[in-house]
Amino acid sequence: MRKLALHWQILIGMAAGVLFGVVASQIGGADFVKDWIKPFGTIFINSLKLIAVPLIFASLVKGISDLKDISKLSKMGGRTILIYLGTTLTAVLVGLLLVNIIGPGKGLEESTRDKLMADFAGDAGEKIKAATAQTEAGPLQALIDLVPSNLFHSLTDNGSMLQVIFFAIFFAIGLILIDPKKAKPVKDFFDGANEVILKLIDLIMLAAPYGVFALLAALVVESPSADLFFALIKYSLCVLLGLSILIFGIYPLLVKSYTGFSYSRFFQGISPAQLLAFSTSSSAATLPVTMERVEEHLGVDEEVTSFVLPIGATINMDGTSLYQAMAAVFIAQAFGMDLTLGQQVGIVSTATLASIGAAAVPGAGMVMLVIVLGQAGIPEAGLALIFAVDRPLDMCRTVANVTGDATVAMLVGKSVDKLHEPRERKLDDYYKPEE
Ligand code: ASP
């Protein structure tokens, strides 16, 4: 019997989860789902997060010390940051273009607007409070935050991934610079640790179809009523169109034209990570799987993935930046404000920076949206308008974020000659089709 490919298994899990959630809501089983199904989704996400930090650490130390030469690192680093900025700016521009052409906020009924404002004022207030802390920091705070004063402190906090990345790169540079004889046992240790963690990802992925089932069933029973969703349908479709242009247009085209990888091979390789991004709404939780897919199925060497992907998961959020630009203009439109060109240019820069600063966790893009709104002079309380549809849109923008990271990893890989035919599915034995 042939075993189904992983992405089909995950898709079936997702569909079954949605169906289960819908039926449970209808027959009054919402509490059952919350008490007995949702915890398995939480366990699944926790297990992914659990290995994210050790994975970043081990793979970065191994990857960078394999480079043997620091000049290669700076070459790769420069390209990575430049391409990340390029894709983020493109995403913001696509978003602005669409939202100005379609104008989803212009037709929003006043009564709907008032209802949304009343219903979600409290939720919006919380996000605004969370964002205030970020805006109060000085201009160089991000740089200060990059360098931890205590490594163990950073290792215990999934929100401090950039600090872990910083230390791992610093450590690996030291490893390159010392006597190779002394460096060897340390490198061997990280090599082995890295293999173990990759194997753990395979094991966790065995549970992926069940994990996404639980996540989606819980999401359905906990989602707010559908009426408000339909009031925001034009805005939602507008964001979805923008994200689709990125995911199905710009990224595969970039990959095809620069690396020769066909559309279908690209999606076959990356789709399990995309599906997990959708189910978990978190680029950070998806990172272990993104790394495994890009390395084993899209053929990028670990020297590149270990560097490009963890950085991408934390700073490159094209879907988030597109959404922030669109949401800001939508809110302005709904309030009858006409944004000047200057304000829109301001949105380009703040949405780019805000997406870089957003954490790779569910709902983070919305917190940073407060900053975009503030800079553009749009009422921050307008956040309440888009609350009802934030979660489904978050799921979709996370797919764009993860796909963008994978694309850039392939481009950087190709540019430094570290892209090859994907290896045999060495670590994939668990879900390899059986003959
Ligand atoms: N959930 C997104 C991510 O993890 C961030 C966001 O836009 O809220 O990539």
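Counting starts at 1 for both ligands and their atoms, following the listed order. Position 1 is the first residue of the sequence; numbering continues from there.
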So which of Y323, Y84, Y251 actually passes side-chain hydrogen bond (donor to acceptor under 3.5 Å, both in side chains) with D318? Y251

No-hydrogen, no-angle side-chain donor-acceptor test under 3.5 Å, E295 and T305: yes

If you count every heavy atom of other residues, nucleotides or ligands that lies below 6.0 Å from K414 atom NZ, does the total exceed 12? no

Run the numbers on F267 and F248 for ring-ring contact (aromatic ring centres under 6.0 Å, His included), then give the verdict. CA-CA 9 Å; F267 281 105; F248 300 110; 5.7 Å; yes

Measure the acute angle between the ring planes of F190 and F57, then classify it against the limits of 30° and 60° as parallel, tilted or perpendicular. tilted

Can you check whether F40 and Y210 have ring centres sitting under 6.0 Å from each other? no

Residue A360 vicinity, atoms of ligand 1 by number, heavy atom under 4.0 Å: 4 (O)

Enumerate the atoms of ligand 1 whose separation from the nearest heavy atom of G365 is less than 4.0 angstrom. 6 (C), 7 (O), 8 (O)

What atoms in ligand 1 come closer than 4.0 Å to a heavy atom of R397? 6 (C), 7 (O), 8 (O)

Under 4.0 Å, heavy atoms only, figure out whether ligand 1 is touched by the backbone of V361, its side chain, both or neither. backbone

At less than 4.0 angstrom from any non-hydrogen atom of T320, what atoms of ligand 1 do you find? 5 (C), 6 (C), 7 (O)

In terms of atom number and element, which parts of ligand 1 are under 4.0 angstrom from non-hydrogen atoms of G363? 8 (O)

Nearest-neighbour protein heavy atom for atom 2 (C) of ligand 1, which is reported as residue plus atom name and distance: T398 OG1, 3.3 Å

Salt bridge (charged side-chain N to carboxylate O under 4.0 Å, His left out) evaluation trace for K72 with E303: CA-CA 10 Å; K72 274 195 201 146; E303 286 104 296; over 6 Å; no

Could you tell me if the side chain of Q163 sits less than 4.5 Å from the side chain of D157, heavy atoms only? no

Take every heavy atom of A358, measure it against each atom of ligand 1, and state whether any distance is under 4.0 Å. no

One finds that the ligand 1 atoms under 4.0 Å from a non-hydrogen atom of S282 are 4 (O)

Heavy-atom pairs closer than 4.0 Å: do any link ligand 1 to the side chain of S283, the backbone, both, or neither? both

Under 4.0 Å from a heavy atom of A364: which atoms of ligand 1 are those, numbered in the order shown and with their elements? 8 (O)

